[in-house]
Structure formats: C-alpha cells, structure tokens
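Any value given below was found using the heavy atoms of this structure, including those in side chains, with hydrogens, waters and symmetry copies removed.
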Amino acid sequence: MLRLYDTARGEVCDLVTRDPGRLSMYVCGPTVYDLPHLGHGRYTLVWDVARRWFTFRGLDVRFVSNITDIDDNIINRALREGSSEAEVARRFEDEWWRAMSAIGVARPDAVPHATQWVTQMVELIESFLRDDVAYVTGDGVYFDTSRVSDYGLLAGQALDTLRAGARVEASEEKRSPLDFALWKFAKPGEPTWSAPFGDGRPGWHTECVVMSLGLLGDDFDLHCGGLDLKFPHHENERAQAEAAHRNFARHWGHNGWVMVGDEKMSKSLGNFTSLTDLLSHTDARAYRLLVVRSHYRSPIEVTPATIADAERALARLDALARRFALPQLAGDEFVTPGDYDFTGRGADLVERVVACMDEDLNTPLAVAELFDAVSVANSLSDEGNQVEARALALTVAVLFGAMGLSVVATVHDSDDEVRELVRDRDVARSTGQWSEADRLRDELASRGWIVEDSTEGTRVRRS
RNA sequence: GGCGGCGUGGCCGAGCGGUUAGGCAGGGGCCUGCAAAGCCCCGUACUCCGGUUCGAAUCCGGACGCCGCCUCCA
C-alpha cells in the first residue's frame, strides 16, 4: 500500500484513490515571468519522482500542472520591458519547458493555462456572489473567508488566530485581511476579460480550483506543491471548492524548501540561482540525485559542496553502468517493472526499495539500499560471478530509472587523434614500454581524458 | 502574539526504543607495470539538562540555538 504524508491530516496515511488503480494528481505550476530557479527545480523533480514511482507501482497516473500566464508580476514585467503580457508569458514559458526538459522532468498529461479558463472562473465567481460568499469592492471581487467554517485547516490554525497575526494592508476595503481577490478589475492598459461584475482578470487562487476540478473532476486524488503554497494559496483553493459544494483534493502533498545558507531561496529575497545557471556547469542528473538523497519534506541546501558531492556519487553510478554496459533508462518513457524479470538478489532489492518508497516516498533510504547494491554487484563481479553481478546492477539501473535517474555508460566520442594515442598506448603496454605508456596517458590527460585499463584494452572517458 | 518544523560523526543525510543506514571526503590494505575503476578495513556521532525504561539519537519535561508560515513566493 502506498502511503503519503497528507498535510490536511498532518500524518502519513494510506493513499486511497478515487478510482482503484488510477491516480489523479495536480501540481501547482509556475507563474511565467522570470527564469525558473532551484526551488522550481526541486518541486518539479520531487513530484516527477512521485509520478514516476506511482507509475512504476502500477497506477495509471494522470498528471496535471498549470501555467499561470496572467498575473501582476507578468503585467509589471511587460510594463518594464515595454512588451506585452502575452509576450512575456510566452518567453518565460519557453524557458520553463527548456529547463524542465534539461532536468528530465516529464511533461504533464495536461497543461492548463489560466487565460484559457477565464470563462469557468467567471462562472464560479458569479455563483459566489449569488450565494453571498463573495463581495465587490472598488478594485475587485473578494472571497469572504468567514463563510468557510474550517478555514485554516491546512495551516493548522483557526480563523481567528490567523487573523490575529495578519498584517494589515493599507487602503483596504476587504472585510477581513484574510479575504482574497477572486477577480481584479482592470486598470487602463491592462489585459482584461469581460465579466458581469466588472471587466478584469482572475485572481491566482481561483485559477487552480477551476482548472484542477475542471480537468480531474471532483474528489481528485492528490494536490501538490511547494510548502509555501500550503497557506494561503491551497487554503484558498480549498475554501472556494468548499463554498462551491464540491469535493476537492483527497490528499495534500507539500515539499520542503531549497535553502541558501539559513534562508529559504525565494524571489522576494533575491537569493536565487536559476536552473539555467546551475545546468551550465552541472550534470542535471546530479541535481536530481541531490534532491532524492534527502526526503522531499526536508529542506535541502544546494551549495557548490553538496553539488560536488552528488556529482561524485553519480560518477560511481556511471562507473557501474560502464562496467556492466547498463542501458540508459528513464527519460520520457517511464520505467515499469513488467519488462524485467527480477530474481534472487535483484528481487530482494526491489522489495526493499519498494518498502522505502511506498512509505511516504523515502527516497534517501531507497538510495542507500541502491548504493549498497552497487557495492555488492561490484564485489560479485570481482569474484567472477558475472551473471549475478550484472543482474543486480541492472536492477539498480531499473530502480534509479523508476525515480527518473538514468545511469550512463556512454564512452564519450573521441576523435581520431585520441584514438591513435589510445592505440599507441596499448601497443606500448603490450610490449612493456611503461614510460612510453605513461607518457601517452599524461598526453591524454592533458586533453581531458581519463584513462582506464581493462581486459579489453585502454578505455577513455571525459574527465 | 499564534501555528509548525529542525538541531546526527569533517561535510551531506536517513533512522525515531535494543541491530553497520547510505554517500562524499580522509587514513590503511588488496588489485594494477604504475594508475584509473573496483573490493576490504578504519571514525563509534546524535545541542544541553532532567525523567521514564533492563536499555534512548529515538518517548516525556525543561533549557538553548536555528528556520518557516500567519503577506507575493515552488
């Protein structure tokens, strides 16, 4: 039984899906007004791993994640750049998918765009006005949070205690500081959609309720996002669903922050590193490994030291892939167990990893099991037991693949000159000319190649 | 002020009542012409103070330190 921490209940619970054998999940996507940073990278990786794992475990997963393509930040950026909102949104959405593809995060099954769902949002807001759950002010339509009795469930706080600490916003017509905008009336020059209660644009919290319910239906299984969305974003989504008398997510998942020193990485603090920057000098797989080596609900620190650590660990996996000529799995195709016949040690490993992963996606424990198996596979091979060794190594690759991490056996393409040096060195070694062989190795090293001798002759790989 | 989380060996990071977590780095050995890769051995850690227990990193109480949310944020 798959188990997962549910924020609403505050504990790890059985993941009982609406339809047996199927799982619907919605992950709150980005607002496209800037480059994706490491925090976006972490949440997309975490939920990509979850999606792949659920698939590996035999669930038919439907994965929906939105793009918020209209909001204040986009408007401000367009204004600053003298371009249009649509242009800004399109440009950064392109950047987004480029980054996602670079870190190996699979495309969602559906990608709703806020601007495509305005009609449904307007209908929802109208119903709120009709039911007196929302009210109109000078600048928009607001949701009356006092109308939802259990408002604060996700935050774990009662409404009145939330209000006590809320900072008061200036020039506010809201009845309560907790009330939130469902709709913002357009100022001159801003993008606008017509609505019976006044032309304008939708508020952020309204998009996700409408799109998640619209695409996955009432009572869908899993709603995920970064911990910062827990409150107020997800709370506000919940409140709307409740006010609309619709069953919302059965289960809530939230991932922890990326930290910079002792601070959370965030746009407002300005302490972020873009994914593009990271990937310019780091194997994207190292970032995925770094992410799965800690639990998804814990904070992680991404520093040159932790990245370097992950890169070296990854090199160990790639060495395994080279030694056993393992296939490169993961990528767009999801790994499922049906294609493999696990026996003996491999079957035991699968069983152990499944136990770790099924219990609230304990990837760090699973990774520990896998690294143990790496040593065992190498030992078996050292002892000459090639059949068992390779079977176990393959199982390791399959299970990492199930988390979306491919091990890579690729011997990088070398040019003619390099191949000649390698050939010369093999000749020198076979005739015992050690100093010549060493000189050729140094020569290769100076060109950025690491030399590895094997029974099949000299092998080189990029340093 | 309210709510929540965290403090583990040089670093990263699991565990959450009794058994070696794991990785990286470091030391020693094996293998190798020498290396690389690989294997073996080595650190005996849990912020502090009390308590419960045959036994606590793990439970309870307290202290200290740190972080987050309550406001846009993945």
Measure from NE2 on A:H37 to P on B:A74 and round the result to the nearest Å.
-> 6 Å
C1' atom, B:G65 versus B:G27: distance in rounded Å?
-> 34 Å
Distance col, row A:H254:NE2 vs A:F231:CZ, nearest 0.5 angstrom, shows 12.0 Å
State whether A:E443 and A:R447 are salt-bridged, where the test is any N-O pair (Lys NZ or Arg NE/NH1/NH2 against Asp/Glu carboxylate O) under 4.0 Å.
-> yes
Taking the C1' atom of each, how far is B:U47 from B:G7, in whole Å?
-> 6 Å
Sticking with atom C1', work out how far B:G17 lies from B:C60, rounded to a whole angstrom.
-> 13 Å
Under 4.0 Å protein heavy-atom contacts per nucleotide of nucleotides 6-21 of chain B, with B for base, S for backbone only and - for none = ------SSSS-----B
A:R42 to A:W257 six-membered ring, cation-pi geometry met (6.0 Å, 45°) = no
Selection residues 355-367 of chain A - residue pairs positive for side chain to side chain donor-acceptor pair (under 3.5 Å), sequence neighbours left out = A:R3-A:E359, A:W53-A:D358, A:R57-A:D358, A:H295-A:D360, A:Y296-A:D360, A:R297-A:D360
Interatomic distance at C1', B:C16 relative to B:A45, whole Å = 15 Å
Do A:F180 and A:F143 have ring centres separated by under 6.0 Å?
-> yes
Please name all residues satisfying salt bridge (Lys or Arg N to Asp or Glu O under 4.0 Å) with A:D179, sequence neighbours left out, ordered by chain then number.
-> none
Aromatic ring centroids of A:F248 and A:F220 under 6.0 Å?
-> yes
Expressed as a whole number of Å, how far does the C1' atom of B:C46 sit from that of B:G38?
-> 32 Å
Paired runs of 3 or more consecutive Watson-Crick or G-U pairs involving RNA chain B, with both pairing distances under 3.5 Å, are B:1-7 with B:64-70, B:10-12 with B:22-24, B:26-30 with B:38-42, B:47-51 with B:59-63
Over how many whole Å does the gap from A:R297 atom CZ to B:A74 atom C1' extend?
-> 17 Å
Check whether more than 12 heavy atoms from other residues, nucleotides or ligands sit under 6.0 Å from atom CD of A:E351, and answer yes or no.
-> no
B:G55 and B:C3: how far apart are their C1' atoms, nearest whole angstrom?
-> 35 Å
Gap between atoms CD and P, on A:E383 and B:C30 respectively (whole Å) = 19 Å
Could you identify which residues of residues 221-239 of chain A place a heavy atom less than 4.0 Å from some atom of RNA chain B, listed by residue number, or say none?
-> A:G225, A:G226, A:D228, A:L229, A:F231
Base, backbone or nothing for each nucleotide of nucleotides 33-45 of chain B, written B, S, -, heavy atoms under 4.0 angstrom, 5' to 3'?
-> BBBBSSSS-----
According to a strict under-4.0 Å criterion, is A:K264 in side-chain N/O contact with OP1 or OP2 of B:C69?
-> yes
Lys/Arg cation over aromatic A:Y33: A:R77, 6.0 Å, 45° cone = no
Residue pair A:G39/A:A313 against RNA chain B: nearer the 5' end by closest nucleotide is A:A313
Is NZ or CZ of A:R201 both nearer than 6.0 Å to the six-membered ring centre of A:W183 and within 45° of the ring axis?
-> no
C1' atoms of B:G26 and B:G43, separation to the nearest Å = 10 Å
Spacing of the P atoms in B:U44 and B:G1 (rounded, Å) = 44 Å
